[in-house]
Amino acid sequence: MKFSWKLINIFINLQSIQLHQFEEQLTLSGIEIEKIHYIEDIKDNIFDLSITTNRREICSMLSLAKEIGIILNQPLNILPINFFNAKIQEKEIKKNHNTFIDISINKINNFRVGNTPKWLVSYLKIYNIKPTDTISNIQQYIELKWGMKLYILKTKDLKNINKLFNVSLNLQDIKLNQNNQENKLIIFISDTRLIKNTINIVNTHEEYYFNAYIDAIKLISTLTKCVYGKSYHEYKVKQYYCSTITINKNEINTILGNTNNDRFNQLSSKSIIKILKQLNLSPHHNRFLQTFTIKVPPNRQHDLQRKIDIIEEIGRINGFNHFIDKLPSGIRKGLTSNISVKIQKLRDTLRNLGFNEVVNCCLINNHFKQDNYNIEIYNPITQEQNELRNNITQRLIENYSNNIKQNNYTVEIFEIGKTFHKDLSNNYIEQISLGGLMHNSNFIKKNWSDTPKYANFFHFKGIIEIILEKLNAEVTFKRIDNKSNIECTKNVENLFNPEQRIGIYNAQSTEPVGILGEINPIYSKELNTIKNKIYLFEINVEKLNKTIKLNNHLNYISKPYSNYPSVTRDISITVTQNTNIKEIENVLCKKQDTLIESIEIFNEYFNKEYRYKSVGIRITYRSQSRTLDSKDIKNIDNHIQNVLLHFKSKT
């Protein structure tokens, strides 16, 4: 939409605002100015605006001036003229009948059509309207300026006036000579349509209807030199319903966020009420409930229908640049659970060992029914997915079968997921389990000329040991008693070969953690892999996490490096065969421990005949803060003599 800077100043005074400030405020409020160009002929700036489709009520200079007045919080230069009063009889309006609300008719004489003024032609060209005759140009100009329509009809067209405008008019008050073909009528109408399902009477006329009517009459009389007589006015009662929307203050502040004002973190209730009044939404504030109830006028009911629409209007008028657009920096950082860290380490370790991760659905038809433990689904989609899985391994066997059908005979897969079962008290239990399957025909060969062979049980057990060692888990491997009913293995024990399986237990509490072994021969026959063994494992991750111990055996001592010179003494100490080197170190560090930097054994000689040994020791002395002086050297020599006397040695 285009508008003239001079023309808009007729409705609202914008002379006190700078052009760049005006452009910035309109852009921040959602009305983007695409281009500004200066027209030399009319000495005016023309603004090319981008009006969104939801603001279709902005269709004239008047409606645009109203919107600019709301944005700038500035009143219009003109006041609405009200010629109607309560004595005028209200007219009935049929439902669903499109008719004009306001209509004014004037009889004119001495109508002379001249040339269209240059300024009027220039304005029409701005809107890409091709000028024609003067009457049509005036009609176009009035519609662009006020959003209302103007018609000039001859006497011969009066017979069809009711049909032409879809109204029912009584023209007896206008004395016309039907034989005089020069008589003409100026018909000025407001084409605002009635809104359906109306309830309340809000206004009985258009707000600025008479302002537009007077402007049109003056323009016609000036350009055509006509004489117009008494006016005939008729209007219809407007009935429409103002929809109400209630918004909580907390909802407004949550969506809009904090402001960059130093005094207030968020919009105050006073500011919100001011903005809502500026938008002509008639707000009612409930201080106890901290809510705002607003009434949406008919001209905005097409785009203000939800709470978020009202909140967007509040932010638009306040200015989105006045809100902080950055998320607040949290002082506390989120923590990753210990079990999540261990699961990620498990996943990385298995991938590094060549396993591929798979993801399967939790809905399954468990092959081995455990009526006391399985969880059935009411009204399942298919019979193949009528239960929640109680183990990971069964799906892995199906994955293996699908790989064999695709001629992929090397399968090393694992999955980490949830399993479900019921305990003895009929409570639902949800656990995280790790399952794996291995079948590799090219796993190992003794030398380069041999044929690759399949992995055996001990190879597979070694891989599991590597995984547990990486996690620093303290577990033991024990044979599972066929007569025992272990909770950890009851859901998967039928998938394993009873003679080729082993349990994984907590080394401290002997609690079962998992199971590994060879696939059950029943599945081997179904998969035609009797000769080529398939190995499986399943581990309860939560129980495995209890076996993992922190590696705290490394204690480091750090100290700054000394730049001062050192003094070295080599001594030989004769001791008995059973003397420990720790005893020698304790004697050396007894008095000079602050200056001794290192003690190193560089030689050892054992005399078998006399059963004694001679140990060569190099002692390095250094200070961290100064150079050793003569007094320090003397003390070091005395220290060496005392050590030799203690061990009855001479060198």
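All heavy atoms count here, side chains included; hydrogens, waters and symmetry mates do not. Since the structure is predicted, the reported quantities are computational estimates derived from the model, not experimental observations.
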Are any of the side-chain nitrogens in R316 or E67 under 4.0 Å away from the carboxylate oxygens of its partner?
-> yes

Intermediate values then yes/no, side chain to side chain contact (heavy atoms under 4.5 Å, CB included), I381 and N386 | CA-CA 7 Å; I381 298 175; N386 61 347; over 6 Å; no

If you measure from CD1 on I308 to CD1 on I247, what distance do you get to the nearest 0.5 Å?
-> 9.0 Å

Charged N-O contact under 4.0 Å between D309 and R306 | yes

Kindly check if the number of other-residue, nucleotide or ligand heavy atoms within 6.0 Å of CG (N115) is above 12?
-> no

Give the minimum heavy-atom separation between I314 and I252, together with the two atoms involved.
-> CD1-CD1, 3.9 Å

Polar side-chain atom of Q139 near backbone of L150 as donor-acceptor pair, under 3.5 Å = yes

Under the side chain to side chain contact (heavy atoms under 4.5 Å, CB included) criterion, do I186 and I105 qualify, and how do the steps go?
-> CA-CA 6 Å; I186 299 176; I105 302 175; over 6 Å; no

Test item: R351 and E357 side chains (from C-beta on) under 4.5 Å apart, heavy atoms | yes

Residues that D348 engages under side-chain hydrogen bond (donor to acceptor under 3.5 Å, both in side chains), provided they are two or more places apart = Q344

Between E415 and R389, does at least one N-O distance fall below 4.0 Å, as a salt bridge requires?
-> yes

Verify the distance criterion only: is there a donor paired with an acceptor across the side chains of N137 and T134 at less than 3.5 Å?
-> no

Got a second to check how far F47's CZ is from K35's NZ, nearest 0.5 Å?
-> 13.5 Å

Yes or no on ring pair (Phe, Tyr, Trp, His ring centres under 6.0 Å) for F188 and W146, after CA distance, side-chain angles and deciding distance?
-> CA-CA 12 Å; F188 192 80; W146 297 96; 8.6 Å; no

Here the pair of heavy atoms bringing S268 nearest to K249 is C-CE, 4.1 Å

Checking S271 side chain against L267 main chain: does a donor-acceptor pair fall under 3.5 Å?
-> no

Using atom types as modelled and distance alone, determine if a side-chain donor or acceptor of S340 lies under 3.5 Å from a backbone N or O of T336.
-> no

Closest heavy-atom pair, K145 versus S60, reported as atoms and distance to 0.1 Å, is O-CB, 4.0 Å

For E312, does the CD atom sit with more than 12 other heavy atoms under 6.0 Å from it, leaving out its own atoms?
-> no

For Q278 and I71 the tightest heavy-atom approach is NE2-O, 3.7 Å

Sub-4.5 Å side-chain heavy-atom contact between K307 and I245 = yes

All heavy atoms of C226 vs all of I108, minimum pair found to be SG-CG2, 4.3 Å

Side-chain (N45) to main-chain (I36) donor-acceptor, under 3.5 angstrom | no

Sidechain-backbone polar pair: Q74 side chain, N13 backbone, donor-acceptor under 3.5 Å | yes

Applying side chain to side chain contact (heavy atoms under 4.5 Å, CB included), run through R347 and I416 and close with a yes or a no.
-> CA-CA 8 Å; R347 183 176 282 111; I416 302 176; 4.2 Å; yes

Contact check, side chains of Y209 and S104, non-hydrogen atoms, under 4.5 Å | yes

Backbone N/O of I275 and side chain of N318: donor-acceptor pair under 3.5 Å = no

Closest approach of I78 to I10 (non-hydrogen atoms, all atoms of both residues) = CG2-O, 4.4 Å

State the CG-OG1 distance between L388 and T419, to the nearest 0.5 angstrom.
-> 10.0 Å

Check: Y123 and K6 side chains under 4.5 Å, non-hydrogen atoms | yes

So N9 and Q15, side chain to side chain donor-acceptor pair (under 3.5 Å) or not? Walk me through it.
-> CA-CA 8 Å; N9 273 272; Q15 300 298 331; 3.1 Å; yes

Could you tell me whether a side-chain N or O of S136 sits under 3.5 Å from a main-chain N or O of T132, the two making a donor and an acceptor?
-> no

Output the distance between atom OG (S16) and atom CD (Q21), rounded to the nearest 0.5 Å.
-> 9.5 Å

Between side-chain atoms of residues 283-297 and protein atoms elsewhere (two or more places apart, or another chain), which donor-acceptor pairs fall under 3.5 Å?
| from | atom 1 | to | atom 2 | distance (Å) |
| --- | --- | --- | --- | --- |
| N286 | OD1 | F288 | N | 3.1 |
| N286 | OD1 | L289 | N | 3.1 |
| Q290 | NE2 | R287 | O | 2.9 |
| T293 | OG1 | T246 | OG1 | 3.3 |

Given the rule in the side chain to side chain contact (heavy atoms under 4.5 Å, CB included) test, do I375 and Y428 qualify, once you have shown the distances and angles that lead to the verdict?
-> CA-CA 8 Å; I375 300 176; Y428 294 101; 3.3 Å; yes

I70 vs I317 side-chain heavy atoms within contact, under 4.5 Å = yes

To the nearest 0.5 Å, atom CG of L144 lies from atom CG of L7 at 9.0 Å

Can you find a heavy atom in the side chain of Q385 that is under 4.5 Å from one in the side chain of P380?
-> no

K342, NZ atom: more than 12 neighbouring heavy atoms under 6.0 Å | yes

Is there side-chain contact between D48 and I33, with heavy atoms separated by less than 4.5 Å?
-> no

Nearest 0.5 Å, what's the CD1-CD1 distance between I187 and I103?
-> 5.5 Å

Less than 4.5 Å apart, any side-chain heavy atom of R112 and any of T224?
-> no

